[in-house]
*Asks:* 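Take a look at this one; I'll ask things after.
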Protein chains: 2
Amino acid sequence: MTTDTKSALLDAAERAARAQGVDGFSYADLAEAVGIRKPSIHYHFPAKSDLSAALMARYSARLRDVCDGIAHQHETGGARLAAFIDMYRAALEGGKSLCLCVAFSTSRDSLPADVIAQIRAFREMMIAWLRVCFDRAVDDRSIADVAFPAMEAAAALSLLEGAQLAARAEENPALFDNAVQLLQTRLR
Amino acid sequence: MTTDTKSALLDAAERAARAQGVDGFSYADLAEAVGIRKPSIHYHFPAKSDLSAALMARYSARLRDVCDGIAHQHETGGARLAAFIDMYRAALEGGKSLCLCVAFSTSRDSLPADVIAQIRAFREMMIAWLRVCFDRAVDDRSIADVAFPAMEAAAALSLLEGAQLAARAEENPALFDNAVQLLQTRLR
DNA sequence: GTCTATAAGTCGATAGAC
DNA sequence: GTCTATCGACTTATAGAC
């Protein structure tokens, strides 16, 4: 079926992009993973830029939902932040994978302008969500020493993304853990 | 002269790698930048992996010297950290460039194992240097609230690298500034 | 040390049959 | 929707003349 092939292509492309970057996989790789021939992919995604855009749109929507779920499940800012950190840690998959946003950020010049805009929007969404965590923590004291929630949110995202990058470079999740440990000591 | 061509190649390659990544430049680009023909590069660097290794070795030595210089120039941990942050901010070059370590980390699978080892060694060097900053700050109180110097060092490097990545993705240094602002408020 | 010429492979993308 | 066949551009790398 049409839909299944398209989803299968997106799944394979996301896995490949997060493991090897946008330029690290080819239509040939995708074709083999999904079990169709290379040119057939162009029916679903005429250009690779179309695939990138679809990939980022789907990822963005999914993570918005996951963050919504965390917010519904946890009341305090600290508990939400803890779950958020766990999500980034899980995305590492043993040091073989990255958040798609980080993976796309590393190869900006092979992406069209509208995908760059999607990356910016994704980061703004994540920072806004984190901002709420730190805002709440000011009142509920679930994170120590929060003086500037907006700065905390921006810093937390860069910390997590940088930690992912280092961990994947050496294929060693312990580097992620080392980098985020300080932030975790502030959680009550 | 031999030496000059080799240095010119390294200079051009470093600029290109930091701006576009290891896979983002070709021997053709280098040849044009330096003013020789493509195959002539192979005389100096038989394979691209040789070039990568030389690039990282030179960069690592240079940054070790720069950090030594900062340590000689500044006494307190806070003043040293401030200079270190400035160095990472300057490396951005308006959002068009990255630290070579970050640039190499983004394209790990196109690098040979010994260059990956160089990246690890580079990061360990940076973290050890930062560790001294935070150790000093415990005594001289030049950075607020330092309880765990080792954790602070690991977190600071990931923060700076993540901030660089975000800033270059959108070619906007303000994203770097937003991410590091919190750390800077702790400097006395 | 640098050159010309070329090999051998990859890539994304298109044309047109079925 | 998927196929075969193919294009043109690009890549790293080598051979051998100068």
Side-chain angles (χ1 to χ4, degrees), chain A residues 1-56 58 100 103-104 106-116, chain B residues 1-56 103-104 106-116:
Chain A
M1 288 161 229
T2 300
T3 311
D4 284 343
T5 301
K6 196 160 188 169
S7 297
L9 283 168
L10 285 170
D11 291 342
E14 182 181 323
R15 204 175 315 116
R18 289 175 52 186
Q20 297 135 31
V22 195
D23 303 315
F25 75 93
S26 66
Y27 271 32
D29 299 329
L30 250 48
E32 201 199 349
V34 172
I36 60 174
R37 295 300 200 156
K38 209 172 40 154
S40 306
I41 303 175
H42 289 280
Y43 170 79
H44 301 281
F45 303 103
K48 206 178 179 183
S49 58
D50 299 315
L51 175 57
S52 311
L55 225 40
M56 196 61 208
R58 193 180 71 152
L100 189 66
F104 272 27
T106 64
S107 37
R108 68 149 283 143
D109 24 78
S110 51
L111 293 172
D114 57 292
V115 177
I116 303 290
Chain B
M1 289 160 225
T2 300
T3 311
D4 283 344
T5 300
K6 197 161 188 169
S7 297
L9 282 169
L10 285 169
D11 291 343
E14 182 181 323
R15 205 173 317 116
R18 289 175 52 187
Q20 297 134 32
V22 195
D23 304 315
F25 74 93
S26 65
Y27 272 30
D29 300 329
L30 252 47
E32 200 199 350
V34 172
I36 60 175
R37 295 300 199 155
K38 219 173 26 160
S40 307
I41 303 175
H42 289 280
Y43 170 79
H44 301 282
F45 304 101
K48 208 179 177 182
S49 59
D50 299 315
L51 175 58
S52 309
L55 225 41
M56 197 62 208
F104 272 27
T106 64
S107 37
R108 68 149 282 141
D109 25 78
S110 53
L111 294 171
D114 57 293
V115 177
I116 303 290

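Chain letters run A, B, ... following the sequence lines, proteins first and then strands; every chain starts at 1. For the numbers below, each heavy atom of this structure counts, side chains included, while hydrogens, waters and symmetry mates do not. Computed from a predicted structure; not experimentally measured.
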*Asks:* If the condition is salt bridge (charged side-chain N to carboxylate O under 4.0 Å, His left out), which residues does B:Asp11 pass it with, not counting sequence neighbours?
*Replies:*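 Testing B:Asp11 for salt bridge (charged side-chain N to carboxylate O under 4.0 Å, His left out), a comparison that skips the adjacent residues, returns B:Arg58.
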
*Asks:* Can you give me every donor-acceptor pair (side chain of residues 24-31 of chain B, partner residue at least two apart or in another chain, under 3.5 Å) with its distance?
*Replies:*
{"from": "B:Ser26", "atom 1": "OG", "to": "B:Ala28", "atom 2": "N", "distance (Å)": "3.3"}
{"from": "B:Ser26", "atom 1": "OG", "to": "B:Asp29", "atom 2": "N", "distance (Å)": "3.3"}
{"from": "B:Ser26", "atom 1": "OG", "to": "B:Asp29", "atom 2": "OD2", "distance (Å)": "3.4"}
{"from": "B:Tyr27", "atom 1": "OH", "to": "B:Phe45", "atom 2": "O", "distance (Å)": "3.1"}
{"from": "B:Tyr27", "atom 1": "OH", "to": "B:Ala47", "atom 2": "O", "distance (Å)": "3.3"}
{"from": "B:Tyr27", "atom 1": "OH", "to": "B:Lys48", "atom 2": "N", "distance (Å)": "3.4"}
{"from": "B:Asp29", "atom 1": "OD2", "to": "B:Ser26", "atom 2": "N", "distance (Å)": "2.9"}

*Asks:* At under 4.0 Å between heavy atoms, which parts of nucleotides 4-18 of chain D does protein reach? Answer with one letter per nucleotide, 5' to 3': B base, S sugar-phosphate only, - none.
*Replies:* BB-----SBBB----

*Asks:* Taking side-chain hydrogen bond (donor to acceptor under 3.5 Å, both in side chains) as the test, write out the residues that go with A:Ser40, two or more places apart.
*Replies:*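 Residues passing side-chain hydrogen bond (donor to acceptor under 3.5 Å, both in side chains) with A:Ser40: none at all.
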
*Asks:* Which residues pass the side-chain contact (heavy atoms from CB on, under 4.5 Å) test with A:Pro39, not counting sequence neighbours?
*Replies:*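 Listed in chain order: A:Arg37.
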
*Asks:* Rounding to an integer number of Å, can you tell me how far A:Tyr43 OH sits from C:dT14 P?
*Replies:*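 In whole Å, C:dT14 P lies 16 Å from A:Tyr43 OH.
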
*Asks:* According to salt bridge (Lys or Arg N to Asp or Glu O under 4.0 Å), does anything in residues 107-116 of chain B pair up with another residue at least two apart or in another chain? List the pairs.
*Replies:*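 As it turns out, the salt bridge (Lys or Arg N to Asp or Glu O under 4.0 Å) pairs with a partner in residues 107-116 of chain B, which skip direct neighbours, are A:Glu171-B:Arg108.
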
*Asks:* Between P on C:dT10 and CG on B:Asp23, what's the gap in Å once rounded to a whole number?
*Replies:*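 Between P of C:dT10 and CG of B:Asp23: 16 Å.
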
